[in-house]
Amino acid sequence: MTRLPIDRVRLTHLRVVSRRTLTQLAAEVGCTKGALSGIERGHRAPSPALLGKLADALHVTPDDLLLRECR
């Protein structure tokens, strides 16, 4: 399965600004807190499906979450 490198700093910023905890956002997008934490720390990359769910939950496009060199 393809995993996409994302801008983890932007993801964390958007989550914090939306006043959601890791647990809350993870539940909303259907993943575990540990998986989301790993993505935010750069130890994991989301699948395209999860990237789309994160973008929808944070009211941005998936492209907004990708690292600049991947756009």
Side-chain angles (χ1 to χ4, degrees):
M1 180 180 288
T2 303
R3 299 288 179 175
L4 301 169
I6 64 159
D7 185 339
R8 62 191 185 91
V9 173
R10 180 159 169 78
L11 173 60
T12 302
H13 171 76
L14 290 169
R15 178 182 57 78
V16 170
V17 168
S18 72
R19 296 180 178 248
R20 291 185 183 111
T21 65
L22 279 168
T23 303
Q24 290 167 330
L25 183 57
E28 189 174 335
V29 300
C31 72
T32 66
K33 175 185 172 184
L36 183 55
S37 175
I39 293 167
E40 286 191 359
R41 289 181 295 144
H43 298 291
R44 300 181 68 164
S47 66
L50 182 55
L51 177 66
K53 290 177 183 180
L54 287 167
D56 287 345
L58 296 169
H59 306 290
V60 296
T61 67
D63 188 55
D64 291 332
L65 295 176
L66 291 176
L67 286 172
R68 290 204 180 268
E69 59 267 12
C70 296
R71 292 183 187 180

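Since this is a predicted model, take the numbers as computed values, not measurements.
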On a heavy-atom basis, which atom in A55 and which in P62 lie closest, and how many Å separate them?
CB-N, 3.5 Å

Between atom [atom1] of [X] and atom [atom2] of [Y], what is the distance when rounded to the nearest 0.5 Å?
X	Y	atom1	atom2	result
L54	L50	CG	CG	4.5 Å
L66	I6	CG	CD1	8.0 Å
S47	I39	OG	CD1	8.0 Å

In chain order, what residues pass the side chain to side chain contact (heavy atoms under 4.5 Å, CB included) check against T61, with sequence neighbours excluded?
D63, D64

Say whether, by atom type as modelled, one donor and one acceptor occur between the side chain of R20 and the main chain of E28 under 3.5 angstrom.
no

Shared hydrophobic cluster for V9 and L58 (ILVMFWY, side-chain gaps under 4.5 Å)
no

Taking only residues two or more places apart in sequence, or in another chain, which ones meet R41 in a side chain to side chain donor-acceptor pair (under 3.5 Å)?
S37

Can you tell if the side chain of L36 reaches within under 4.5 Å of the side chain of V29, non-hydrogen atoms only?
no

Results of salt bridge (charged side-chain N to carboxylate O under 4.0 Å, His left out) for R15 - residues two or more places apart only
E40

